[in-house]
Amino acid sequence: MAPERQSYRAPRGIRDVLPEEIPLWEELEGTARRLARLGGYREIRPALLEETDLFTRSVGEVTDIVEKEMFTLRRGDSSYSLRPEGTAGIARAYLQAGYAKTAPVQRLFHIGPMFRYERPQKGRERMFTQFDVEALGSLDPRLDAEVIDLAASFFEALGLEGLEVRLGSMGDGEDRDRFRAAVREYVGDRLAEYSELSQERFERNVLRILDSKHPGDVELNRGAPRMLDHLSAENREHFEKVTELLGGLGRRVVVDATIVRGLDYYTRTVFEVHYPELGARSALCGGGRYDHLIRDLGGPDLGAVGFAIGFTPTLIALEQLGLTPRIQEIPPEVFLVCADEELSQRAFRLAHQLRSNGISCVYDTEGRGLKSQMKQAGRGGHPVALILGSDEAARGTVQLKDLTRKEQNEVPEDGLLEALQRVLGSAPQG
RNA sequence: GUGAGUGUAGCUCAGUCGGUUAGAGCGCCAGAUUGUGGAUCUGGAGGUCGAGGGUUCGAUUCCCUUCACUCACCCCA
């Protein structure tokens, strides 16, 4: 029974959100929900755990995420994984719910944790919360623009101004294959000059070489083929439409041919939202179109577009820019003070009564003295202290102290609720 | 997976050129004439100096190993 280890910690890369931090998280979640709903997006809460196969099919077998970053568990012959990203599960839920047949166009959003087995570092955790927005069932470029606009609006609502939307297109099908071949040829001709890392990527995922930040590679990439030059007429038109629509909203759009998403399911539109002031860590959001994912999961070939915003990078950005909302926890409205220990049962019952009437309250459980209880009431930030004393009890009254105004009145018990509501309703700090 | 840095009270950190009772601030608890708050003052509790091993008369201080955390690379939100 004697424990070998006297302390437990959360697993590596996983952190608790403590009560002190909840107001901040509620602010982020509330902002996300509010904006999503303004656009008619409905909240969905898909499974945290899926069959592993769902992710290998959708995200891609040779991606890092699937190859080495999934938390996977086996039960008998089945293999399940904690979701490493949100889109696959949402698309799966969409199909399972029958939306593809009953109401194909679905605007959906989700806020929740994702899991990736990675080495933690700043802005990267093994369990991280994402705001996911997905518009499924349509190819309309307005949805691309709408979704991008929503992502940018989220950051703006939190106080970030001067955002930059970087937009590119990965093409689709044939033009993408042609482009990939062109890149292979270009890079293959001078592979030895590329960095070791890029050489490794040559077989794995050529397109990522275009994304390299290695100075030598950047130089070599200057002459590389550009996806935007290889787009088919149809995809070109779609891309231009999205650009135009965003421009029409006054959004600053930078066409960035180097954007390459890491996940296999992306097609055509890809984008990132950047906050340039943040430098290297300026990407706050990534997303794009994934027009064949639904088909690949067994449904009809319907288009879809979406994005994911990580809460952790967002919080870091806000912190760096001094924009972290300073929101106080809201303490219970009443602290019940027992001047006499014999009244503790009455205090307990009174607490129940107040709560039944919608008034939040707490009381001391450590048998502390009056003074100490008053201290707790004051430091706890409760607007009101109710003091139960034996003299008052004999008179059928309690002392009601307004801690913000420092006013105290003796009130009869049968008028207590009204008196409390009056004081609380007119609380100056709101 | 690779590399670097750091590990001393709940938190933020001093400190010991190896020496015998390890410190501060904040926080916490208790008092300041006995039924009243956030200030002030006084006092108090709280640390196997991450863990294991080595060198030494002696290690929290030096060396090794290990674990954890942090940061960077990779990858990505």
Side-chain angles (χ1 to χ4, degrees), chain A residues 4-15 20 59 62-69 83-87 111-133 151 154 195-198 200-201 204-205 208 211-214 260-263 272-274 280-287 306-317 331 335 337-341 343 364 366 368-393 398-408 410:
Chain A
E4 288 267 313
R5 42 204 289 209
Q6 68 283 54
S7 68
Y8 286 95
R9 318 187 90 260
R12 173 166 229 194
I14 295 183
R15 55 180 285 270
E20 295 81 356
V59 173
V62 298
T63 57
D64 273 12
I65 291 181
V66 163
E67 276 185 334
K68 48 191 188 193
E69 293 178 3
R83 60 185 187 190
E85 58 100 44
T87 304
I111 300 166
M114 310 292 161
F115 302 82
R116 287 186 204 172
Y117 189 83
E118 295 180 277
R119 195 92 171 251
Q121 67 184 66
K122 195 171 181 67
R124 194 175 75 184
E125 298 158 312
R126 287 185 174 180
M127 172 176 152
F128 56 97
T129 299
Q130 263 184 192
F131 171 34
D132 264 287
V133 170
F154 173 74
S195 66
E196 207 174 312
L197 211 80
S198 287
E200 281 172 33
R201 286 198 280 226
R204 264 173 77 75
N205 190 349
R208 283 226 83 88
D211 210 21
S212 175
K213 288 149 220 137
H214 184 94
V260 182
R261 303 269 85 208
L263 315 187
E272 292 171 355
V273 178
H274 283 256
R281 210 183 299 283
S282 70
L284 297 175
C285 163
F307 67 77
I309 290 172
F311 273 20
T312 305
T314 303
L315 287 170
I316 290 172
F335 191 95
V337 172
C338 247
D340 192 322
E341 207 162 350
L343 295 167
D364 170 64
E366 305 310 301
R368 294 184 215 247
L370 173 65
K371 187 166 186 166
S372 177
Q373 290 182 60
M374 285 307 293
K375 209 179 256 186
Q376 274 186 81
R379 280 200 294 219
H382 308 95
V384 167
L386 277 185
I387 303 151
L388 313 194
S390 38
D391 295 355
E392 288 82 352
V398 298
Q399 296 286 349
L400 191 166
K401 183 160 190 176
D402 181 334
L403 291 168
T404 48
R405 292 202 182 91
K406 305 170 198 294
E407 290 169 8
Q408 182 170 328
E410 185 167 352

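Chain identifiers are assigned alphabetically (A, B, ...) following the order of the sequence lines, protein sequences preceding nucleic acid strands; residue numbering begins at 1 within each chain.
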Across all chains, not counting sequence neighbours, the ring-ring contact (aromatic ring centres under 6.0 Å, His included) partners of A:F154 are A:F131
Between A:R124 and B:rC71, is there a side-chain N or O to OP1/OP2 distance below 4.0 Å? no
Regarding the side chain of A:D391, the nearest nucleotide among B:rC29, B:rG35, B:rA32 is B:rG35
(request) Indicate, with a heavy-atom threshold strictly under 4.0 Å, whether A:E69 touches base, sugar-phosphate, or nothing. (result) sugar-phosphate
Between A:Q130 and A:A308, the two heavy atoms sitting closest are NE2-CB, 3.4 Å
It should be established whether A:S372 places a side-chain nitrogen or oxygen under 4.0 Å from OP1 or OP2 of nucleotide B:rG37.
no
Indicate whether OP1 or OP2 belonging to B:rA72 is found under 4.0 Å from a side-chain N or O atom of A:Q121. yes
Original post:
Any side-chain heavy-atom pair from A:L284 and A:I309 closer than 4.5 angstrom?
Top reply: no
Presence of A:R379 side-chain N/O under 4.0 Å of B:rC29 phosphate oxygens OP1/OP2:
yes
Applying ring-ring contact (aromatic ring centres under 6.0 Å, His included) to A:F311 and not counting sequence neighbours gives A:W25
Checking all strands, does A:I309 fall into the base, sugar-phosphate, or nothing category for heavy-atom contacts under 4.0 angstrom?
-> nothing
By the 4.0 Å heavy-atom rule, please label A:T129 as base, sugar-phosphate, or nothing. nothing
A correct dot-bracket answer for RNA chain B, with pairs being Watson-Crick or G-U at under 3.5 Å, [ ] for crossing pairs and | for inter-strand pairs, is (((((((..((((.....[...)))).(((((.......))))).....(((((..]....))))))))))))....
| query | Can you tell if the side chain of A:R119 reaches within under 4.5 Å of the side chain of A:R124, non-hydrogen atoms only? | reply | yes
